Asks: 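Here it is: the structure, laid out below.
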Number of protein chains: 2
Amino acid sequence: MLPETAPPGRRDRKKQQTKDALIAAALRLVDDRGLDHVTVEDIAAAADVSPRTFFNYFATKDEAIVGDQFVDNHDVLERLRAVPADVPAVPAVLQAITPDLEAIEADGELWLVRCRVMANNPALVTGLISRSAQHEQDLADAIAARSGTDAALAAAVTGAAVRVSLMRWAASDGRARLTELVRDAFDLLAHGLSDPRPTSKDHR
Amino acid sequence: MLPETAPPGRRDRKKQQTKDALIAAALRLVDDRGLDHVTVEDIAAAADVSPRTFFNYFATKDEAIVGDQFVDNHDVLERLRAVPADVPAVPAVLQAITPDLEAIEADGELWLVRCRVMANNPALVTGLISRSAQHEQDLADAIAARSGTDAALAAAVTGAAVRVSLMRWAASDGRARLTELVRDAFDLLAHGLSDPRPTSKDHR
DNA sequence: GGATTTCTTGCAGTGCATGCAAAGTTTTAG
DNA sequence: CTAAAACTTTGCATGCACTGCAAGAAATCC
């Protein structure tokens, strides 16, 4: 079922290598100096490629920092379709994105820096959101394919919940479990936000 | 309490006038040609000011189109504080933003174009969100001042709900009532998104 | 009217982003 | 092994967003 790995070959390996170098350089520099004090030229230089090459890998400066791996995957949609139709929308989405959340936790180093950078440079959060917004429509359609709940709303709202959880996870410096944070947030969504009673514990 | 209107005076009137002209020009041009085919120079020319002047009024091209009037107001925060503390978060927010929603409906022409433009130029939605995200933190703090519910989550989620409702309202070409759309969305949030059919048993 | 404050404008400069075409490198084929 | 094909990197030129600065124009104040 896997369109299996024709073994990557020297060329693609070097490409991946350059890409990683660019991402790493971008994150490190922006983490150090702040978004405004890092130019594409700086990043390219740090990764030892020409500035022009940077744009062969990323469409924008932000993309190298925020990344495109997150909500971008069709995998999410496929997994969502795989969830039995009688599962309500919110838990279904949770189930569909869990693998991604685990991947993020597994790659903790990278994502913690990434989130810290985003927290310190609000302009970037924008980028993250817009990426997910592009796919929010797809997600909404996928949700609409299942029962009752308001699809567009569910897509937007779960997206927001993930974002908040991600930032919270980063704020805990990775000590909290991302998957649990997201699960808790989703529980609140499913159960209803109006209700102060069960969660008397408020962190902040 | 109002640092009220020292009567505007000729100068401020002209300023407001220029600003309106710039906004109108920006919306019209982008609506016609698409975001990428309109330069700041075009907008300035259409409003009959120098390009440099454009940036005396707006920090970015997007700002002229998306506007800053929406979630930006401290008024929302003040109104939120005015809501009795025993009202749950979601309805409290609803109450706090209702005047703004009514203002949007009242200025329907402008906002319908604005939403259409946003729908057609996804890059702009981003801008709207990031604006509200800036103030989402403030909103979260204000919510945190009241009872139990998870503040950051409530802020993010209500923001998403408003955005979805706004787009929906625009899609209906203003025929739906914005305030009702938002109220319905908020009801879902408060009541819980999970449950497509109230009759079905709770599975799990 | 003249002094002061505020707004407009031009100019010069930085940085992001894209298209194009000339190297350079890897892969494939003969 | 070598020549062609395929793909990547790079430099160059360009367009546009945005900023700082300083000079000019206009409204406001006295």
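Proteins get letters first, then strands, A, B, ... in listed order; numbering begins at 1 in each. Keep in mind it's a predicted model, so treat the numbers as computed, not measured. Just so you know, these numbers use all the heavy atoms, side chains as well, and skip hydrogens, waters and symmetry mates.
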Asks: Looking only at the side chains, is there a donor atom on one of B:Thr39 and B:Asp42 sitting less than 3.5 Å from an acceptor on the other?
Replies: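 Side-chain D/A pair, B:Thr39 to B:Asp42: present.
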Asks: Grab the CD1-P distance between B:Ile43 and D:dC16 for me, whole Å please.
Replies: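 It is 12 Å, rounded to the nearest whole Å.
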Asks: Rounded to whole Å, please give me the gap between CG in B:Leu35 and P in D:dG15.
Replies: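 So the two atoms are 19 Å apart, to the nearest Å.
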Asks: Within the distance-only criterion (no hydrogens, no angle test), does the side chain of A:Arg175 pair as donor or acceptor with the backbone N or O of A:Ser172 below 3.5 angstrom?
Replies: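 Confirmed, A:Arg175 side chain pairs with A:Ser172 backbone.
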Asks: Distance check needed: D:dT8 C1' versus A:Phe54 CZ, whole Å only.
Replies: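 These atoms are roughly 17 Å apart.
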Asks: Measure the distance from CG on B:Leu22 to C1' on D:dA17 and round it to the nearest whole Å.
Replies: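 Rounded to the whole Å, the gap is 16 Å.
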Asks: Send over the distance from A:Glu41 CD to D:dT9 C1', rounded to a whole Å.
Replies: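 Rounding to the nearest Å, CD of A:Glu41 and C1' of D:dT9 are 16 Å apart.
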Asks: Sugar-phosphate atoms are those with a prime plus P, OP1 and OP2; base atoms are the rest. Using that split, label each nucleotide of nucleotides 5-13 of chain C B, S or - for protein heavy atoms under 4.0 Å, 5' to 3'.
Replies: BBSBBBB--
Asks: In whole angstroms, how far is the C1' atom of D:dT8 from the CD atom of A:Gln16?
Replies: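 That distance rounds to 15 Å.
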Asks: For the residue pair B:Gln16 / B:Asp20, report whether a side-chain donor-acceptor contact shorter than 3.5 Å exists.
Replies: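 Yes, side-chain donor-acceptor contact under 3.5 Å.
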Asks: Round to the nearest Å and state the distance from A:Asp36 atom CG to C:dT14 atom P.
Replies: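 Atom-to-atom, A:Asp36 to C:dT14, this comes out as 17 Å.
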Asks: Reading DNA chain C 5' to 3', what string of ( ), [ ], | and . shows its pairs, if Watson-Crick and G-U wobble pairs count only when both distances fall under 3.5 Å?
Replies: ||||||.|||||||||||||||||||||||
Asks: Is there a side-chain contact between A:Ile143 and A:Asp150, using heavy atoms and a 4.5 Å cut-off?
Replies: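 Side chain of A:Ile143 against side chain of A:Asp150, heavy atoms only: no contact under 4.5 Å found.
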Asks: Taking side chain to side chain contact (heavy atoms under 4.5 Å, CB included) as the criterion, tell me which of B:Leu29, B:Leu35, B:Asp36 meets it with B:Arg33.
Replies: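 Testing B:Arg33 for a side chain to side chain contact (heavy atoms under 4.5 Å, CB included) against B:Leu29, B:Leu35, B:Asp36 leaves exactly one candidate, B:Leu29.
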Asks: Is any NZ, NE, NH1 or NH2 atom of the basic residue among B:Asp184 and B:Arg168 found under 4.0 Å from an Asp or Glu carboxylate oxygen of the other?
Replies: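 Salt bridge: no.
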Asks: Mind checking whether A:Leu110 and A:Asp107 have side chains closer than 4.5 Å, heavy atoms only?
Replies: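 A side-chain contact exists here, since the closest heavy-atom pair is under 4.5 Å.
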Asks: With a 4.5 Å cut-off on side-chain heavy atoms, are A:Glu105 and A:Trp111 touching?
Replies: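 Of all side-chain heavy-atom pairs linking A:Glu105 with A:Trp111, none is under 4.5 Å.
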Asks: Nearest whole angstrom, please: distance from the C1' of D:dC18 to the CG of B:Asp42.
Replies: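 After rounding, the gap between these two atoms is 16 Å.
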Asks: State, with a plain yes or no, whether a side-chain heavy atom of A:Asp31 is found less than 4.5 Å away from one of A:Arg28.
Replies: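 No, too far: nothing below the 4.5 Å cut-off.
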